[in-house]
**Student:** 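The structure is given below, and queries will be raised subsequently.
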Amino acid sequence: MRYDLVIFDNDGVLVDSEPISNRLLAAYLTELGHPTSYEDSLRDYMGAAMHRVHDLIAERTGRELPLDFDDVFHGRVFAAFERELKPVDGIVGVLEKLAADEVPYCVASSGSHERIRVGHRTTGLDRWFDEGRIFSSEDVGRGKPAPDLFLHAAERMGVPPDRCVVVEDSPLGVRAALAAGMDVYGFTAMTPAVRLAGATGLFGGMGELAGLLV
């Protein structure tokens with residue numbers, strides 16, 4: 001193994017949540033008078049913490065989102081997760097191999113701790129991620145594309161940044177990993193490769209990932 005720590009993004013990398021959450025986000029913003037398509041949501045918000053939604057809407061329209069926006073949105077998302085959410089195809093095999101090879105790994109997500117845990121419980125991935133392996137943008141001052149979250153995860157796991165590799169599927173996440181001084185492999189299942197420019201490498205299926213890490 002070339003690395004001492006594998007850091008996974010959550011949404012779109014561990015759990016197949018991006019289609020669900022971006023569909024609901026686009027619908028809710030449109031409902032509130034901010035016309036947003038599914039494609040717009042993927043482009044502007046995929047991989048971002050919730051504050052980016054508030055910031056972009058305020059910047060573009062001069063209007064604030066409702067105070068209960070996050071709570072209402074997450075309620076809709078969690079309900080949909082219960083009905084629809086699945087692990088990303090092939091990710092269990094990746095986790096099994098890392099565990100068998102005793103390679104440390106963790107998750108560092110723009111999502112809240114609650115969102116991460118709901119998704120993991122729903123998909124059965126909670127057996128792979130105890131409390132010490134879960135890091136959220138809630139833990140740091142700035143979310144992706146700032147490097148803070150990945151640096152925080154590395155510090156807590158006791159591994160220097162240059163010995164870490166990040167697995168990401170969003171442009172914001174790739175930028176954050178590079179800013180942290182880490183290698184990063186871009187997952188192109190939902191994101192065109194051109195939008196993950198700068199990544200150390202690209203892969204289209206989880207079956208390819210193990211070969212990139214050794």
**Student:** Decide yes or no for Pro87 and Leu14: does some side-chain heavy atom of the first lie under 4.5 Å from some side-chain heavy atom of the second?
**Tutor:**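 Sidechains of Leu14 and Pro87: no contact.
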**Student:** Are more than 12 heavy atoms, taken from residues, nucleotides or ligands other than Asp55, located less than 6.0 Å from that residue's CG atom?
**Tutor:**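 Atom CG in Asp55 is packed in, count exceeds 12.
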**Student:** How far apart are the C-alpha atoms of Lys86 and Asp16, what are their side-chain angles, what is the distance that settles it, and do they pass the salt bridge (charged side-chain N to carboxylate O under 4.0 Å, His left out) test?
**Tutor:** CA-CA 6 Å; Lys86 294 179 173 58; Asp16 194 14; over 6 Å; no
**Student:** Can you hop from Val174 to Met46 via hydrophobic side chains spaced under 4.5 Å?
**Tutor:**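 Each belongs to a different hydrophobic cluster.
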**Student:** Closest approach of Trp128 and Ala99, non-hydrogen atoms and distance?
**Tutor:**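 Where Trp128 meets Ala99 most closely, the heavy atoms are CZ3-CB, 3.9 Å.
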**Student:** Would you indicate whether the side-chain heavy atoms of Tyr45 and Ser21 approach each other to under 4.5 Å?
**Tutor:**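 Side-chain contact under 4.5 Å: no.
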**Student:** Quick one, Phe135 with Cys106, criterion side chain to side chain contact (heavy atoms under 4.5 Å, CB included). Give me CA distance, side-chain angles, the key distance, then yes/no.
**Tutor:** CA-CA 8 Å; Phe135 305 100; Cys106 65; 3.9 Å; yes
**Student:** Are Val72 and Val53 joined in one hydrophobic group, where the rule is that I, L, V, M, F, W and Y side chains link up if heavy atoms are under 4.5 Å apart?
**Tutor:**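 Val72 clusters together with Val53.
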**Student:** Report the residue from Glu18, Glu84, Glu39 that forms a salt bridge (charged side-chain N to carboxylate O under 4.0 Å, His left out) with Arg23.
**Tutor:**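 Among the candidates, only Glu84 passes.
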**Student:** Once rounded to the nearest 0.5 Å, what's the spacing between atom CG of Asp183 and atom CZ of Arg163?
**Tutor:**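 If I round to the nearest 0.5 Å, the distance is 9.5 Å.
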**Student:** Under a 4.5 Å cut-off applied to non-hydrogen side-chain atoms, are Leu65 and His34 in contact?
**Tutor:**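 A side-chain contact under 4.5 Å exists here.
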**Student:** Does anything in residues 49-77 form a ring pair (Phe, Tyr, Trp, His ring centres under 6.0 Å)? List the pairs, not counting sequence neighbours.
**Tutor:**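 Output for this query lists Tyr28-Phe69, His54-Phe69, His74-Phe78.
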**Student:** Same hydrophobic cluster for Leu149 and Ile7, using side-chain heavy-atom links shorter than 4.5 Å among ILVMFWY?
**Tutor:**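 Shared cluster, yes.
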**Student:** Hey, does Phe81 have a side-chain heavy atom less than 4.5 Å from the side chain of Ser17?
**Tutor:**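 Answer yes - side chains close enough.
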**Student:** Thr200 side chain to Val184 main-chain N or O, any donor-acceptor pair under 3.5 Å?
**Tutor:**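 Yes.
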**Student:** Flag the pair Arg121 and Asp126 as a salt bridge only when some basic side-chain nitrogen lies within less than 4.0 angstrom of an acidic carboxylate oxygen.
**Tutor:**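 No, Arg121 and Asp126 are not salt-bridged.
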**Student:** Given 3.5 Å as the limit, does a donor-acceptor pair link the side chain of Thr191 with the main chain of Asp169, or not?
**Tutor:**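 Yes: the side chain of Thr191 pairs with the backbone of Asp169.
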**Student:** So do the side chains of His120 and Val15 get within less than 4.5 Å of each other, counting heavy atoms only?
**Tutor:**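 Yes, close enough: below the 4.5 Å cut-off.
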**Student:** So that I can tick it off, tell me whether Asp9 and Lys144 are bridged by a salt bridge, with the cut-off set at under 4.0 angstrom between side-chain N and carboxylate O.
**Tutor:**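 Judged by the 4.0 Å cut-off on N to carboxylate O distance, Lys144 and Asp9 do form a salt bridge.
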**Student:** Show your reasoning for whether side chain to side chain contact (heavy atoms under 4.5 Å, CB included) applies to Val118 and Arg115.
**Tutor:** CA-CA 5 Å; Val118 168; Arg115 178 182 173 122; 5.9 Å; no
**Student:** Counting only heavy atoms not in Arg156, do more than 12 sit closer than 6.0 Å to its CZ atom?
**Tutor:**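 For Arg156, atom CZ is not crowded (no more than 12 foreign heavy atoms under 6.0 Å).
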**Student:** To the nearest 0.5 Å, tell me how far Thr36 OG1 sits from Asp44 CG.
**Tutor:**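 Answer rounded to 0.5 Å: 8.0 Å.
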**Student:** Show the numbers, then the answer: is there a side chain to side chain contact (heavy atoms under 4.5 Å, CB included) between Val88 and Val13?
**Tutor:** CA-CA 6 Å; Val88 167; Val13 172; 5.6 Å; no
**Student:** Shortest non-hydrogen contact from Gly47 to Ser110?
**Tutor:**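 It is O-OG, 2.7 Å.
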**Student:** Any link between Val166 and Leu196 through a network of hydrophobic side chains (Ile, Leu, Val, Met, Phe, Trp, Tyr) touching at under 4.5 Å?
**Tutor:**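 Shared cluster, yes.
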**Student:** Give me the atom names and distance for the closest heavy-atom approach of Gly111 to Ile116.
**Tutor:**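 Between these two residues, the closest heavy atoms are O-CD1, 3.9 Å.
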**Student:** Hey, does the side chain of Tyr105 reach the backbone of Arg133 with a donor-acceptor pair shorter than 3.5 angstrom?
**Tutor:**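 Between the backbone of Arg133 and the side chain of Tyr105 there is no qualifying donor-acceptor contact (under 3.5 Å).
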**Student:** If we only count heavy atoms from C-beta on, is the Met182 to Leu5 side-chain gap below 4.5 Å?
**Tutor:**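 Not touching, per the 4.5 Å side-chain cut-off.
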**Student:** Report yes or no: does Ser170 contribute a side-chain atom to a donor-acceptor pair with the main-chain N or O of Gly173 at less than 3.5 Å?
**Tutor:**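 The answer is yes, because a donor-acceptor pair under 3.5 Å joins these two groups.
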**Student:** With sequence neighbours left out, what residues match Val103 under side-chain contact (heavy atoms from CB on, under 4.5 Å)?
**Tutor:**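 For Val103, the residues satisfying side-chain contact (heavy atoms from CB on, under 4.5 Å) (neighbours in sequence not counted) are Met1, Val6, Leu98, Asp101.
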**Student:** Restricting to non-hydrogen atoms, name the atom on Leu172 and the atom on Ala48 that form the minimum distance, rounded to 0.1 Å.
**Tutor:**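 Looking at all heavy atoms of both residues, the shortest contact is CD1-CB, 3.5 Å.
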**Student:** How long is the span from the CG atom in Leu85 to the CD1 atom in Ile20, to the nearest 0.5 Å?
**Tutor:**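 Answer for the CG-CD1 pair, Leu85 versus Ile20, is 5.0 Å.
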**Student:** Spell out, yes or no, whether Ile57 and Leu42 are grouped together once hydrophobic residues are joined by side-chain heavy atoms under 4.5 Å, including indirect joins.
**Tutor:**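 As far as the 4.5 Å side-chain criterion goes, Leu42 and Ile57 are not connected within one cluster.
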**Student:** Do you know which two heavy atoms are closest between Leu151 and Pro161, and how far apart they sit?
**Tutor:**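 Where Leu151 meets Pro161 most closely, the heavy atoms are CD2-CG, 3.8 Å.
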**Student:** For the pair Glu82 (side chain) and Ala79 (backbone), establish whether a donor and an acceptor sit closer than 3.5 Å, ignoring hydrogens and angles.
**Tutor:**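 Flag not set: sc Glu82 to bb Ala79 has no pair under 3.5 Å.
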**Student:** To the nearest 0.5 Å, how far apart are CZ in Arg117 and OG in Ser136?
**Tutor:**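 Taking CZ in Arg117 and OG in Ser136, the distance rounds to 8.5 Å.
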**Student:** Measuring from atom CG of Leu29 to atom CG of Asp40, what distance do you get when rounded to the nearest 0.5 angstrom?
**Tutor:**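 CG of Asp40 is found 10.0 Å from CG of Leu29.
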**Student:** With rounding to the nearest 0.5 angstrom, report the OG to CG distance, Ser112 to Asn10.
**Tutor:**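 The distance works out to 10.0 Å.
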**Student:** Taking the six-membered ring for Trp, is the centroid-to-centroid distance between Phe187 and Phe203 below 6.0 Å?
**Tutor:**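 Yes, ring centres under 6.0 Å apart.
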**Student:** Counting distance only, does the side-chain N/O of Glu64 pair as donor-acceptor with the main-chain N or O of Ala58 below 3.5 Å?
**Tutor:**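 Such a contact is absent between Glu64 side chain and Ala58 backbone.
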**Student:** Might you point out which heavy atoms bring Asn22 and Ser41 nearest each other, and give the distance in Å?
**Tutor:**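 Looks like OD1-OG, 2.7 Å.
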**Student:** Side chains of Asp4 and Met157, heavy atoms from C-beta outward: is any pair under 4.5 Å?
**Tutor:**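 They are not in side-chain contact.
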**Student:** Judged by atom type as modelled, is there a donor-acceptor pair below 3.5 Å linking the side chain of Ser137 to the main-chain atoms of Gly143?
**Tutor:**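 Looks like no, no N/O pair under 3.5 Å.
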**Student:** Less than 4.5 Å apart, any side-chain heavy atom of Leu95 and any of Phe8?
**Tutor:**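 Side chain of Leu95 against side chain of Phe8, heavy atoms only: contact under 4.5 Å found.
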